[in-house]
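The next block holds one structure in the form of structure tokens; read it before the comments.
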Amino acid sequence: MLVIMKNDATEAQVRAVIREIERLGYRGLPVPGAQRTAVCIVGNQREVDDSRLLSLDGVKETIRVTKPYKLVSRETHPQPTVIAIGRVVIGAGKPVVMAGPCAVESEKQTLAIARMVKRYGAQVFRGGAFKPRSSPYTFQGLGEEGLKMLKRVREETGLPVVTEATDHDNIEMVEEYADIIQIGARNMQNYSLLRRAGLCRKPILLKRGFAATIEELLMSAEYIASEGNPNVILCERGIRTFSDNTRNTLDLSAIPSIKEVSHLPVVVDPSHAAGRREYVIALSRGAIAVGADGLLVEVHNDPVHALSDGRQSLYPSQFAELMKDVRAMNRLAEREK
Ligand code: PEP
Ligand code: MN
């Protein structure tokens, strides 16, 4: 349930509502909006008796939230969430391109790719220092050394960086270095890690699990939001289907479906969906056409020798072509306004 406060409600009145919700045995989380503040009631198994709440000063009305996820639902927060990382704004209309290698391999490689993607127009640098690999015998990432290289990237290029936290042991360290913390597809339902991510002060990029429904993805985002971190960016990265022409099947319908029910921004990772660089540009165009708030793309200066996901990593010239398409689509969107 949502308790909608009057436009002129005071902070003290909002606090009184939260106290009353706690007295009833639930939690009350304020959801500030452009026009009014709402207080979202979480933790109730059954319908809440709203009679006491409605009699409190400053309360306008109560609204039942019909979805199992509350804080990330559009019912609670009708306006889209906009997340600003320095000058980079995600969710405000213009797609944001996050690009870089699958993994940070060395300082030289990382800086070379960062300079290149920046030159072509990327706004965020991606690169994993902790890698969740299918095989324990493959490259697992450089760990803190890799994070330090990402710090160098930010210092030199000014690009904010997104990098993955794979477990409780490294999330604190990742938060120290990252501008956006990635939670990977394999961890989408690691609920204790999600709760921990909810305590972070940095935005979380939450990737959809390869067998997860949209509702499950949103419930996972709810775990993060319910611990106090409202800045969640969802990421569609392909799901497992019978189709074996690509590594995963990119579910482009997820973007309008999520936007219908949630206010969170959604980006698309065409690289892990395709598994092959040949399809990445076409899928990126599709992603922008269906309303994605950004792209997360793997790019490498020497994909053939990449230590992970080289087959799906774009060559620099392909990334340049992709950015040309993105700009053309942005111009078209501007003209249509
Ligand atoms: C990645 O971004 O490199 C990655 C491992 O992604 P996912 O969790 O989607 O497989
Ligand atoms: Mn990868």
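We count ligands from 1, going down the list as the structure has it; atoms in each ligand are counted the same way. The first residue of the sequence shown is numbered 1, and numbering continues consecutively from there.
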Should the heavy atoms of other residues, nucleotides or ligands under 6.0 Å from CD of Glu11 be counted, would the total exceed 12?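 Counting other residues, nucleotides and ligands, CD of Glu11 stays at 12 neighbours or fewer.
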Check whether more than 12 heavy atoms from other residues, nucleotides or ligands sit under 6.0 Å from atom CZ of Arg64, and answer yes or no.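 Counting other residues, nucleotides and ligands, CZ of Arg64 exceeds 12 neighbours.
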Hey, which N, O or S atom on [X] ends up closest to the Mn ion (ligand 2)?
{"X": "Glu298", "answer": "OE2"}
{"X": "His272", "answer": "NE2"}
{"X": "Asp309", "answer": "OD2"}

Give the C-alpha distance, both sets of side-chain angles, the deciding distance and a yes or no for salt bridge (charged side-chain N to carboxylate O under 4.0 Å, His left out) between Arg311 and Glu278. CA-CA 9 Å; Arg311 186 67 191 86; Glu278 293 86 325; 2.9 Å; yes
Using atom types as modelled and distance alone, determine if a side-chain donor or acceptor of Lys202 lies under 3.5 Å from a backbone N or O of Ala178.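 Yes; judged by distance alone, with no hydrogens or angles, the pair exists.
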So which protein residues pack against ligand 1 under 4.0 Å, heavy atoms counted?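 Correct list: Cys102, Arg126, Lys131, Glu164, Gln182, Gly184, Ala185, Arg186, Lys207, Arg237, His272, Glu298.
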Report yes or no: do His272 and Gln312 form a side-chain donor-acceptor pair below 3.5 Å?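 His272 vs Gln312: donor-acceptor pair found between side chains.
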Please report the interatomic distance CG(Leu217) to CD(Gln189), rounded to the nearest 0.5 Å.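 Atom-to-atom, Leu217:CG and Gln189:CD are 9.5 Å apart.
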CD/Gln182 to CG/Asn187 distance, rounded to the nearest 0.5 angstrom?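 The CG atom of Asn187 is 10.5 Å from CD of Gln182, to the nearest 0.5 Å.
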